[in-house]
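Hydrogens, waters and symmetry mates are skipped; everything else that's a heavy atom, side chains included, is used.
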Amino acid sequence: MAAKISYADVEAGAELPAQSFSVTRATLVQYAGASGDFNPIHWNEKFATEVGLPDVIAHGMFTMAEAIRVVTDWVGDPGAVVEYGVRFTKPVVVPNDDKGALIEVSAKVAAKLDDNRVRVDLVASSEGQKVLGMSRAVVQLA
């Protein structure tokens, strides 16, 4: 695959299509199985509250992975992401109900770089709180 977005067609400040991602307790169990991260704060409400959390929380790496989907869906090729980093600022609290939590992600092209690359800044929030800080990706465009 190759990036479907042309560097010449992108301007700094351009907004990528925002997306929302649902996460339930079942999602967390599936992610735990795939990642091997069975820390009980991600599935056991009793344990999570005993260690001071408000409830079960989503895996940080899961939250990070959901957020970058905004960029990979926009560019059309996950391999076009050449750098990606975040700071974990708040947990995504996942209640034990049919709705779970919602991770809302927006992004914009922050800067055009050399070699047909752009820096994309992302904002990820849940329940009105920013859950990722300094969330940035460098993307290789066509």
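- Separating the CD1 atom in I57 from the OG atom in S126 is a distance of 11.5 Å, to the nearest 0.5 Å.
- In this structure, CD1 on I103 lies 9.5 Å from CZ on R69, to the nearest 0.5 angstrom.
- The neighbour count for E50 CD, taken as heavy atoms of other residues, nucleotides or ligands under 6.0 Å away, is above 12.
- One finds the CG atom of N39 at 11.5 Å from the CG atom of L28 (value rounded to the nearest 0.5 Å).
- The two residues A107 and V70 come nearest to each other via the heavy atoms CB-CG1, 4.0 Å.
- In this structure, the side chains of V131 and S125 stay at 4.5 Å or more apart for every pair of heavy atoms.
- Shown here for Q140 and A3, the closest heavy-atom pair between the two residues is O-CB, 3.4 Å.
- Distance check: R136 CZ to R119 CZ gives 4.0 Å after rounding to the nearest 0.5 Å.
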* Report the C-alpha separation of Q19 and D73 in whole Å, then their side-chain angles, then the decisive distance to 0.1 Å, and conclude whether the side chain to side chain donor-acceptor pair (under 3.5 Å) test is met. => CA-CA 10 Å; Q19 294 187 52; D73 288 353; 3.0 Å; yes
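- In this structure the side chain of I5 reaches within 4.5 angstrom of the side chain of V10, judged on heavy atoms.
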* side-chain contact (heavy atoms from CB on, under 4.5 Å) between V86 and M134, intermediate numbers included -> CA-CA 5 Å; V86 306; M134 299 295 293; over 6 Å; no
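- Note: Y31 OH to F38 CZ = 11.5 Å, rounded to the nearest 0.5 Å.
- Between the CG atom in L122 and the CE atom in M64 there is a gap of 10.0 Å [rounded to 0.5 Å].
- In this structure the side chain of V56 never reaches within 4.5 angstrom of the side chain of N96, judged on heavy atoms.
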* To do: Could you walk me through whether T63 and L132 pass the side-chain contact (heavy atoms from CB on, under 4.5 Å) test, one step at a time?
  => CA-CA 8 Å; T63 304; L132 299 177; 4.2 Å; yes
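- Within the 4.5 Å cutoff, side-chain heavy atoms of L16 are placed close to those of V120.
- What you find for A101 and V92 is that their closest heavy atoms are CB-CG1, 3.8 Å.
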* Take V71 and V81 through the side-chain contact (heavy atoms from CB on, under 4.5 Å) test and state the conclusion after the steps. => CA-CA 8 Å; V71 176; V81 177; 4.1 Å; yes
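- Proximity of V23 to F62: side-chain heavy atoms (C-beta onward) are separated by under 4.5 Å at one or more points.
- With a 4.5 Å cut-off on side-chain heavy atoms, Y84 and S135 count as touching.
- Here the closest heavy-atom approach between residue A110 and residue D121 is recorded as CB-OD2, 3.3 Å.
- In this structure, D77 contributes its side chain and G79 its backbone to a donor-acceptor pair below 3.5 Å.
- Clustering ILVMFWY residues whenever any of their side-chain heavy atoms sit less than 4.5 angstrom apart, transitively, puts Y7 in the very cluster that holds W74.
- Salt bridge annotation for R25-D98: absent, with no cationic side-chain nitrogen under 4.0 angstrom from a carboxylate oxygen.
- Here the side chains of M61 and F88 are in contact, with some heavy-atom distance below 4.5 Å.
- Side-chain contact between L113 and V138 is present, with at least one heavy-atom pair separated by less than 4.5 Å.
- In this structure, K108 places its NZ atom where only 12 or fewer heavy-atom neighbours from other residues, nucleotides or ligands lie under 6.0 Å away.
- In terms of heavy-atom proximity, K99 sits nearest to T24 at O-CG2, 4.1 Å.
- Here the closest non-hydrogen pair linking T89 and G133 is CG2-N, 3.5 Å.
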